Number of protein chains: 2
Amino acid sequence: MRDEDRNDIRKLSLFSNMTSPAFDALMHAAYDQVFPAQLELIRQGEAANFLHVVLEGAVELYAHWQNRDTTMAVVQPVATFILAACMRDAPYLMSARTLQRSRIVLIPAVDVRAAFARDPGFALAAVQELSEGYRNLVRHAKNLKLRNARERLGAYLWQRSLDAGGAKGFVLPQEKRLLASYLGMTPESLSRAFKALREHGVHIDGMRVTITDAAALKALVQPNTLLDTALNIP
Amino acid sequence: MRDEDRNDIRKLSLFSNMTSPAFDALMHAAYDQVFPAQLELIRQGEAANFLHVVLEGAVELYAHWQNRDTTMAVVQPVATFILAACMRDAPYLMSARTLQRSRIVLIPAVDVRAAFARDPGFALAAVQELSEGYRNLVRHAKNLKLRNARERLGAYLWQRSLDAGGAKGFVLPQEKRLLASYLGMTPESLSRAFKALREHGVHIDGMRVTITDAAALKALVQPNTLLDTALNIP
DNA sequence: CATGAATGTTGATATTTGTCAATCAAAGGA
DNA sequence: TCCTTTGATTGACAAATATCAACATTCATG
């Protein structure tokens, strides 16, 4: 593994308070790999053998049932995913695929659990990470149940604008069909929701979004940290 | 606190592997109270000062936004709730109210965090508890996004039948408007979903459900441990 | 640069779900 | 026991969202 990647991982809150020997042991057991775009990394139902860390690229977490699919989250560097399944030594509830060519570190779940038992700093960080993941999922579920499609899109755009430092204009980070699936609607409904938001201060041109009337958008979506999930891209 | 309650709490997986001194310290700091039905225990947005343990009765976790409400979960004895907010020392994302007269133990969040730092057995159990909570929430979100209203009700009934030991007949544990809210629909839609399920092997009479054709119901809902949440009532 | 495949948009229509109002049934208190 | 209140059901209708088909656009790449 490259020293640079090692340092990036070390800086993650999950690993930053580990003792160096414990961190070294984890990294020693880990695999560093580059995967092409659209590769299925994990299939739901499989045993959770590895904690994954995305160093470069992006990974989609999705779920399927019968012949239906839905996007649950997009993981951006540098971040980990499926910690919960690793900790429980249980089957993955979600599948994962790369959205772009991605560099990913795989840490054997047994080593993660061992580090947890041995290193209190890591244990504390793991709980913080899980708790925050839990809370983000509560927000996702609340959002789905309390807002309609147009409001969900508006809230999403509002939050992306905040994430961009309050910029009025920004570019959608993923293609629209993925965004539609994440927001729990069809691509057609997303397209119509964008049109409907023109009346509420949002202009869209391809992937480029401009918030033309922040007050109007805010009035519609009533943004709220108890519902809206900030991306924590470092 | 009564010895009996103390023992019930001690048996919870969250507390069963703590050292006795650590457990005693936690219980010493805790309050044991009885609340009437329909009392708001927690309001979303407030600081998380207490981990709650339900000993008797039942507690609804719900969320609201604008003038809309939705039920996120019902906590049955003996179980804890809002561990994640306590661990993060963050505002509650959900409100909580008693559904019945309930006996509840309140453990100061600072003491929970202290116990976590001092007692490795408790730390491990907390992670297991959080992880399982996380996974149940993933199931809830998948269920909302992948199944329609009728399928969600069918899956819920199938799971309750399993929870009752595979019984063909059982009684709904909560009133229907609460069930409707939990399943993400209106009471009217729930009522119609019940009628629609008559074609799929479900008979309803008031609160009493009878599964008259298990194969038909199973075919409709395609039950799946990756979507359906088993209640873990001890 | 051309071409084909994937993605996005639009219109027409169907289905699902919600809303409102009326009624019915059940439960709890005076 | 009656009465009031709350919850549940039903019907009529409205709104939201999905589906299907057609077409437009973008993107990758040969």
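Please read all numbers here as calculations on a predicted model, not as lab measurements.
For B:Arg177, whose side chain is taken as the heavy atoms from C-beta onward, the closest listed nucleotide among C:dT9, D:dG7, C:dG18 is D:dG7. Residue B:Ser191 has its side chain nearest to D:dT10 when only C:dT7, C:dG18, D:dT10 are considered. Nearest nucleotide to the side chain of A:Glu188, out of D:dC20, C:dG8, C:dG18: D:dC20. Side-chain atoms of A:Ser189 lie closest to D:dT17 of the nucleotides C:dT10, D:dT17, C:dG18.
Taking the ring centre of A:Tyr156 as origin, the terminal cationic atom of A:Arg152 falls outside the region bounded by 6.0 Å and 45° from the ring axis.
The distance from atom NZ of A:Lys145 to atom P of C:dT17 is 14 Å, rounded to the nearest whole Å. What separates CZ of A:Arg68 from P of D:dT17 is a distance of 17 Å, to the nearest Å. For the pair A:Leu144 CG and C:dT17 C1', the computed distance is 16 Å after rounding to whole Å.
Inter-residue side-chain proximity for B:Asp228 and B:Trp158 is flagged as unmet; no heavy-atom pair is nearer than 4.5 Å. Two residues are said to be in side-chain contact when any heavy atoms from C-beta on lie closer than 4.5 Å; B:Gln66 and A:Leu146 fail this criterion. Residues A:Val78 and A:Lys11 form no side-chain contact, since every pair of their non-hydrogen atoms from C-beta on lies 4.5 Å or further apart. B:Val221 is not listed as a side-chain neighbour of B:Leu157, based on a closest heavy-atom distance of 4.5 Å or more.
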Which nucleotides of DNA chain C pair, in dot-bracket form (Watson-Crick or G-U under 3.5 Å, | meaning another strand): ||||||||||||||||||||||||||||||
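Using a distance-only test at 3.5 Å, with no hydrogens or angles considered, a donor-acceptor pair links the side chain of B:Lys142 to the main chain of B:Leu226. Remark: side-chain polar atoms of A:Thr71 are not paired, donor with acceptor, to backbone N or O of A:Tyr62 under 3.5 angstrom.
A donor-acceptor contact closer than 3.5 angstrom links the side chains of B:Arg139 and B:Asn136.
For A:Tyr182, the ring-ring contact (aromatic ring centres under 6.0 Å, His included) partners two or more places apart in sequence, or in a different chain, are A:His140.
Between A:Met207 and A:Asn148, the residue anchored nearer the 5' end of DNA chain D, judged by the nucleotide with its closest heavy atom, is A:Asn148.
In the region residues 192-201 of chain A, proximity to DNA chain C at under 4.0 angstrom, judged on heavy atoms, holds for A:Arg192, A:Lys195.
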